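Remarks on the structure that follows.
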2 protein chains.
Amino acid sequence: MPRKPIPTLSDVFTPTETPAHLARDVIESALREAIMDGRIPPETPLRQEEIAALFGVSRMPVREALRRLESQGLLHIQPYKGAVVTALINQDAMDAYGVRLLLEPEALRLSLPHLSDTDLADASARLASLRSARDSATLARLNREFHMALYRRAGNARLLYLIEQELEQEERFLRFHLSAMGTGHQARDDHEALLDAARSGDESRALALLRRHLSQAEQAIRHYLADQDNPESPAGDAPRTAGEPK
Amino acid sequence: MPRKPIPTLSDVFTPTETPAHLARDVIESALREAIMDGRIPPETPLRQEEIAALFGVSRMPVREALRRLESQGLLHIQPYKGAVVTALINQDAMDAYGVRLLLEPEALRLSLPHLSDTDLADASARLASLRSARDSATLARLNREFHMALYRRAGNARLLYLIEQELEQEERFLRFHLSAMGTGHQARDDHEALLDAARSGDESRALALLRRHLSQAEQAIRHYLADQDNPESPAGDAPRTAGEPK
DNA sequence: ATACTCTAAATTGGATCCAGGATCCAATTT
DNA sequence: AAATTGGATCCTGGATCCAATTTAGAGTAT
């Protein structure tokens with residue numbers, strides 16, 4: 001009996017050459033999903049035996065799944081000590097915004113002339129959903145999908161792959177911290193203007209808007225992280241990662 | 001007597017950061033090396049049992065090593081069919097040059113003001129070695145090291161990581177095809193001029209040279225690949241490498 | 001001879017077992 | 001009481017065994 005396949009967008013890059021539901025693939029997808037949407041918070045140690053029991057398999061497929069997740073940067077494995085979920089975006093990882101400021105405008109520039117009405121409608125649909133969505137997880141996902149919809153026709157698979165990597169990292173961060181940051185409306189206006197520029201095919205305006213949007217997002221996160229590390233107004237209590245061992 | 005009577009053991013023993021030589025890590029490194037320098041050519045199927053026997057271990061550490069190499073893009077694994085070494089740069093992978101044309105000039109721009117005499121000496125040393133090196137493997141490696149030496153001070157770890165990834169792919173390709181391409185001297189002049197511009201801190205000239213260098217390298221490889229696929233003198237041709245099975 | 005079917009060998013996926021390192025805790029020492 | 005040590009326990013790394021799948025080959029019918 002084929003189990004319900006877990007829809008992962010990484011399937012976009014691996015053209016579903018794995019029709020069989022191998023345990024290791026099921027576990028890998030499930031763990032990635034769980035890590036990405038925060039059900040498994042950062043710093044959580046992953047015990048092979050525990051996961052194996054959870055899925056009703058032996059430790060073997062778990063081990064192979066963990067190895068792959070490590071290569072994808074979601075886990076950190078130390079010999080004889082095990083795997084822990086990697087931390088979210090921190091000050092060091094802010095470098096990614098510098099990279100995105102290079103990659104995404106170029107992707108948009110390449111994609112703009114080839115965007116179809118369907119593509120624009122897809123992006124618009126995400127925006128509409130963004131307005132009504134309440135939970136951070138959905139908001140973060142829609143944000144990524146909106147951006148990718150605009151870049152989709154860039155015609156450079158490698159470029160799109162790298163951008164998606166960065167966007168997934170941001171998504172994971174936003175799922176955790178978006179509500180505490182409270183900059184959703186800011187980004188919404190940016191998105192509206194960006195989509196409008198894309199619709200009219202105004203390249204220079206669209207690129208300028210995207211660059212500004214990314215810069216502001218970087219600044220927002222940078223300030224948020226700085227406040228986390230050194231809270232000046234401890235009114236809104238920062239949910240310090242308690243990390244209670246289960 | 002203020003003299004310490006007994007030196008601490010940490011002074012006696014160098015705190016080596018790599019104490020454990022796990023089989024899977026040894027195998028992973030060995031296989032990557034072998035794939036990168038061409039001892040295992042593309043399209044080669046890798047049999048777990050064969051590799052295990054070669055290293056005198058069981059299939060288990062081999063399997064974990066293969067998993068990681070797959071995530072790193074060196075292998076392609078299909079369920080129940082096994083792992084094959086991925087093909088080298090092909091027409092599809094030329095996308096990478098578009099990405100490099102974005103990333104590397106930015107890295108050079110960021111790095112240029114902070115390059116020390118030591119960094120420039122390192123780059124110069126690579127150039128000197130490039131002049132005397134004969135085999136493609138060494139040439140390809142020195143090419144990568146020369147570029148990275150110039151970018152080293154960019155101060156954006158993520159950017160440098162991505163560039164290194166792309167350079168390693170190119171290195172792997174060049175180890176195979178550099179001798180057949182015969183464009184080594186072309187690149188040498190580019191490198192000389194680039195290093196000169198970097199020495200004088202002439203940012204705009206250095207960036208222009210780098211962009212031209214990358215564009216020409218892309219064109220050289222593109223033409224080479226086109227000739228491979230569609231040779232002007234169709235004599236006894238090499239086995240056609242069955243393109244996209246789509 | 002060619003195409004087809006079915007079987008056996010080859011190969012990978014997964015389960016179970018054992019060994020070695022890491023961690024925690026009590027016992028001993030200072 | 002604080003620190004060190006011995007050892008019990010947990011967890012991971014690797015080996016071996018069995019199951020599932022693919023592939024190659026023998027055999028048969030057309």
Side-chain angles (χ1 to χ4, degrees), chain A residues 1-3 5-6 14 16-32 40 43-71 74-86 243-246, chain B residues 5-6 8-10 13 15-32 35 40 43-71 74-86 242 245:
Chain A
M1 186 59 182
R3 254 163 251 165
I6 298 173
T14 57
T16 65
E17 293 175 56
T18 56
H21 292 71
L22 284 83
R24 66 185 184 206
D25 292 331
V26 173
I27 294 171
E28 181 190 338
S29 301
L31 282 181
R32 176 165 44 222
I40 306 178
E43 310 293 341
T44 305
L46 297 181
R47 301 296 168 210
Q48 297 177 2
E49 186 64 48
E50 183 181 356
I51 298 170
L54 216 62
F55 286 87
V57 297
S58 77
R59 279 171 45 220
M60 177 89 27
V62 176
R63 281 159 66 171
E64 297 201 43
L66 293 180
R67 285 309 266 181
R68 289 202 53 174
L69 292 171
E70 184 204 15
S71 288
L74 289 176
L75 301 178
H76 183 63
I77 298 182
Q78 281 187 316
Y80 299 108
K81 294 185 70 175
V84 296
V85 179
T86 55
E244 69 269 8
K246 176 136 192 303
Chain B
I6 299 175
T8 64
L9 280 182
S10 57
F13 296 107
T16 170
E17 192 58 36
T18 55
H21 264 179
L22 288 88
R24 65 184 185 206
D25 292 332
V26 173
I27 292 172
E28 181 190 338
S29 302
L31 283 181
R32 176 165 42 225
I35 292 173
I40 305 178
E43 309 294 339
T44 305
L46 297 182
R47 303 295 170 209
Q48 297 177 3
E49 184 63 55
E50 183 181 355
I51 298 171
L54 219 62
F55 286 87
V57 297
S58 78
R59 279 170 44 219
M60 176 87 30
V62 176
R63 282 159 67 172
E64 298 202 43
L66 293 180
R67 274 277 162 214
R68 290 206 52 175
L69 292 172
E70 185 204 13
S71 286
L74 290 175
L75 300 179
H76 183 66
I77 298 182
Q78 281 186 315
Y80 297 107
K81 296 183 69 174
V84 297
V85 178
T86 57

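Residue numbering restarts at 1 for every chain, and letters A, B, ... go by the order of the sequence lines. Note that the structure is predicted; figures quoted are calculated from it, not measured. These values consider heavy atoms only, across backbone and side chains, with no hydrogens, waters or symmetry-generated copies.
Contact check, A/Q48 against D/dG13: a side-chain N or O comes under 4.0 Å of OP1 or OP2.
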Exercise. Please step through side-chain contact (heavy atoms from CB on, under 4.5 Å) for the pair B/L46 and B/L69, ending with a clear verdict.
Key: CA-CA 12 Å; B/L46 297 182; B/L69 292 172; 5.9 Å; no

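Taken residue by residue, residues 54-65 of chain B places heavy atoms nearer than 4.0 Å to DNA chain D at B/V57, B/S58, B/M60, B/P61.
A/R24 has its CZ atom 13 Å from the P atom of D/dT21, to the nearest Å. Remark: P of D/dC10 and CD of A/E50 are 14 Å apart, rounded to the nearest angstrom. In this structure, A/R47 atom CZ and D/dG13 atom P are separated by 11 Å, rounded to whole Å. For the pair B/L66 CG and D/dG14 P, the computed distance is 14 Å after rounding to whole Å. What separates CD of A/E49 from P of D/dC10 is a distance of 12 Å, to the nearest Å.
Residues B/P45 and B/V84 share a closest heavy-atom pair of CA-CG1, 3.8 Å. A pairwise comparison of heavy atoms in A/L75 and A/V85 identifies CD2-CA, 3.9 Å as the closest pair.
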Output side-chain donor-acceptor pairs under 3.5 Å for residues 56-67 of chain A, partner residues at least two apart or in another chain, one line each.
from, atom 1, to, atom 2, distance (Å)
A/S58, OG, A/M60, N, 3.3
A/R59, NE, A/Q48, OE1, 3.0
A/R59, NH2, A/Q48, OE1, 3.1
A/R63, NE, B/E64, OE2, 3.3
A/R63, NH2, B/E64, OE2, 3.2
A/E64, OE1, B/R67, NE, 3.1
A/E64, OE2, B/R63, NE, 3.3
A/E64, OE2, B/R63, NH2, 3.1

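Residues satisfying the side chain to side chain contact (heavy atoms under 4.5 Å, CB included) criterion with A/L54, sequence neighbours excluded, are absent altogether. Annotation: salt bridge (charged side-chain N to carboxylate O under 4.0 Å, His left out) contacts of B/R47 (sequence neighbours excluded): none.
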Practice problem: Using a 3.5 Å limit on both pairing distances, list the dot-bracket string of DNA chain C from the 5' end; Watson-Crick and G-U wobble pairs count, crossing pairs take [ ], interstrand pairs take |. | Solution: ||||||||||||||||||||||||||||||

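Here CD of B/E70 is found 7.5 Å from NE2 of B/H76. Values are rounded to the nearest 0.5 Å. Between the OG1 atom in B/T86 and the CD1 atom in B/I77 there is a gap of 11.0 Å [rounded to 0.5 Å]. Here the CD1 atom belonging to B/I27 is positioned 8.0 Å from the CD1 atom belonging to B/I51, to the nearest 0.5 angstrom.
Contact annotation for B/L46: backbone-only contact, meaning every heavy-atom pair under 4.0 Å involves sugar-phosphate atoms and none involves a base.
On the nucleic acid side, DNA chain C has its first and last nucleotide under 4.0 Å of a heavy atom of chain B at C/dT11 to C/dA15, going 5' to 3'.
Using a cutoff of 4.0 Å between basic side-chain nitrogens and carboxylate oxygens, A/E28 and A/R32 are scored as salt-bridged.
Along DNA chain C, the nucleotide nearest to B/K81 and the one nearest to A/K81 differ in position, and the one closer to the 5' end is contacted by B/K81.
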